[in-house]
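Report on the following structure.
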Amino acid sequence: MIANDVLRDRFPGVRHGFPTFGQIACEAILEQNTNMLPRAAGASAGSDMSPSSSGRTLFFFEKPSAMRQLQRFFRSPNTVCVAAEGHLLSAEEPGSIRPEWKPWRFDALPIKLATIPVSCGTNRSGQSHEPKIAAIRQALSGVERVIIATDPGREGSMIAWEVLEHLGWRGRVDRLKLGALDDVSIRRAFAALAKEPGSGERDYAAYLEALCRQYEDYHLGLNGTRAISLRLRPPAFREPWRFGGVQTPTLAILADLEERIRSFVPQDFFKVALHLGTQSGAALTLWHAPKERIFDAAIAETIRTAAAAWSGPLAVEHKDVRRAPPRLFSKDTLARRCAKRFGWDPQHTAGLAQELYDQGYLSYPRTESEYLPEGQVSDAAAIVDAIATVLTDLRDVVPGGEAPLIRRGAKGHYVKDPGEHHAIVPLRKVPERSRLSADQFKLWELVAKAFLAAHLPDGIDARTSVMAEVGTPLSAKRFALSGSVIRAPGWRAIYGSEAELEADVVPGKAKREAEATSARLPLVNDGEGASAMGANVATAMTEPPRRFTRGELPVVMGRLIDQVDDPVVKRALENPVNPNEPKGLGTAATRDTILPKLLKSRYITLASGKDPAIEVTEIGRAFMTAVRRVFPAYGDPVGRALFEAELAEIGRAATRAEAIERADAFRQRTRAPG
């Protein structure tokens with residue numbers, strides 16, 4: 001195995017954040033042409049496409065389905081429409097760029113490219129996209145203005161911009177952001193476009209961010225996979241050790257949890273039961289089960305002895321507990337719910353959500369937000385009424401003619417700024433069951449019910465608690481028992497007996513020790529006297545941490561802040577720009593692609609069950625040990641999340657010049673020593 005100092009000589013800067021392979025990302029971009037940042041050798045000097053003064057406008061769509069949705073609005077003969085098929089260009093393999101790069105040789109590393117050469121990709125049937133590229137080139141001829149109408153987000157921006165750059169387009173570009181494909185949303189998007197003369201400039205920043213991410217991923221995966229496979233992989237492992245900027249820190253999270261599980265040593269802890277008889281003849285059992293568990297049997301016995309001799313008044317408290325509806329869905333929380341409810345893989349959920357978006361039944365699904373903008377409050381009544389025409393069995397729960405309940409602020413559902421894309425919600429356009437597949441309708445119904453619940457009153461439970469304070473040689477100890485009945489179901493009437501399924505715990509965290517409850521409490525009055533009829537100590541055992549499940553992993557990646565306890569680290573992961581979306585690993589569009597990569601590399605396996613748990617294999621553990629020994633930065637999920645937050649700043653630039661400047665500054669920071 002190669003020594004650490006040798007690798008550091010080969011790849012200087014391994015301990016300086018993420019510059020080793022990742023610095024090539026922005027470095028390569030800015031050392032060429034800072035006007036249009038060409039990324040491919042395919043756009044030759046003779047291929048420059050200058051704008052015409054014809055007044056013709058070309059709309060660039062991501063898919064033909066979205067193009068058809070908008071073509072209904074176009075009447076002008078000067079409007080031209082083209083549709084891509086996802087990414088039409090793909091990066092060249094190293095061996096096709098230089099023959100000497102095809103063999104895996106350590107002395108050829110690091111491989112650095114000023115720009116990543118691209119060529120026409122292929123569709124799912126293996127057919128080249130070259131005819132489509134040629135058709136777009138022809139359509140651009142004589143065009144004065146291009147309006148990018150791909151899916152909102154940096155990936156959609158890149159799908160259009162990479163083709164425009166490849167073809168050498170030099171004319172005006174604007175950005176139409178289609179948050180949904182129903183008529184109302186389309187009209188709003190055009191109204192917003194008219195008010196944003198610099199939309200193309202800002203969209204170029206999103207493209208530049210995506211391009212930086214692509215450069216970093218390409219070089220990091222290429223050099224990291226070869227270097228680690230050639231020098232750190234034990235001879236017994238035949239498969240390449242695949243390395244990635246997001247997948248490796250994600251594996252680090254899983255490996256750390258795996259280590260805690262394997263090294264866990266169970267411990268007995270104790271709870272004390274107090275059996276009481278009251279003056280009115282009722283019998284009940286109260287429990288002393290503090291949050292700080294009792295691990296000393298002698299302490300538990302001291303408390304039990306005192307409790308067995310207790311008598312005194314009972315404190316009885318009656319109060320109403322309000323239960324607000326859950327938050328709306330982001331892409332990751334929707335995937336988690338569908339995995340839990342239906343056993344779906346997150347990629348299956350994402351595909352269904354995209355299909356429903358393309359048909360105009362759901363808002364844009366690749367979102368990290370769980371909130372709606374305050375400007376959409378006026379839409380709620382119409383959407384609720386539309387949903388009720390499909391989910392007719394809920395008409396009694398959602399009576400017509402009543403204004404929906406609007407909850408504002410971080411504890412509600414409507415905020416001033418929900419982020420780049422708001423939560424996933426249904427639209428005025430609702431489906432006919434017969435026009436959707438069974439899974440498509442299940443997903444639409446899940447999102448629709450969440451929207452209904454968000455606009456219904458709180459649930460109210462009547463909660464009764466019975467408590468006794470027992471003096472012991474240690475201190476006074478609280479014994480308690482509680483019970484509750486539903487006073488008003490509120491939003492829970494949407495779900496019936498499934499209402500409790502809507503409450504999710506933080507992935508990987510054990511549920512807190514629940515207070516002792518009883519389905520039915522005897523009638524006891526506040527201050528009523530009671531006497532001990534006996535007491536005993538019950539023994540329980542601590543459990544290891546719970547493994548993340550397939551459906552939970554995207555949530556874990558997006559919300560690292562929930563997985564750390566150090567307050568300093570928590571503050572570092574906060575997002576001042578949007579507190580509702582803390583810093584995390586990957587993007588909403590890419591997180592659910594990581595698990596298949598880890599499975600393919602045999603770093604993890606999946607258990608059985610509806611939403612299977614993830615277990616790290618011996619290969620995965622050995623890989624992470626090697627990575628952390630030589631490239632510790634890449635085994636640090638928090639460090640990677642902060643690195644990605646810097647990349648995101650490029651996409652927030654207001655102009656092309658500012659985006660280029662931020663990318664350049666980012667490049668300088670990643671190259672800085674120490």
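For the pair L352/H348, a side-chain contact is recorded, criterion being any heavy-atom separation below 4.5 Å from C-beta on. Between C338 and L443, some side-chain heavy-atom pair lies under the 4.5 Å cut-off. Looking only at side-chain heavy atoms (C-beta outward), L598 and L254 come within less than 4.5 Å of each other.
For the side chain to side chain donor-acceptor pair (under 3.5 Å) test, no residue two or more places apart in sequence or in another chain qualifies with K583. Annotation: ring pair (Phe, Tyr, Trp, His ring centres under 6.0 Å) contacts of W241 (sequence neighbours excluded): F237, F623. Among residues two or more places apart in sequence or in another chain, the ring pair (Phe, Tyr, Trp, His ring centres under 6.0 Å) test is passed with F73 by none.
For residues 77-103, no residue pair satisfies the salt bridge (Lys or Arg N to Asp or Glu O under 4.0 Å) rule, not counting sequence neighbours.
Distance CD1/I253 to CG/L251: 9.5 Å, rounded to 0.5 Å. Atom CE of M158 is separated from atom CD of E165 by 10.0 Å, given to the nearest 0.5 angstrom.
Formation of a donor-acceptor pair under 3.5 Å by the E62 side chain with backbone atoms of A83 is not found in this model. D611 contributes no side-chain N or O that, together with a main-chain N or O of G343, makes up a donor-acceptor pair within less than 3.5 Å.
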Donor-acceptor pairs under 3.5 angstrom involving side-chain atoms of residues 125-136: please list them, not counting sequence neighbours.
from	atom 1	to	atom 2	distance (Å)
Q127	OE1	N123	ND2	3.2
S128	OG	E130	N	3.0
H129	NE2	T122	O	3.4

Acceptor/donor pairs from residues 419-430 side chains to any protein atom, 3.5 angstrom cut, sequence neighbours excluded:
from	atom 1	to	atom 2	distance (Å)
H422	NE2	Q376	NE2	3.3
R428	NH2	D379	OD1	3.2
K429	NZ	Q359	O	2.6

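In this structure, H219 and Y215 have parallel ring planes: the angle between them is below the 30° cut-off, well short of the 60° mark. Ring planes of F441 and W444: tilted class, angle from 30 to 60°.
For the pairing with D203, the side chain to side chain donor-acceptor pair (under 3.5 Å) check across K177, R656, R175 returns one residue only, R175.
Between E552 and R591 there is no salt bridge, since no side-chain nitrogen of the basic residue lies less than 4.0 Å from a carboxylate oxygen of the acidic one.
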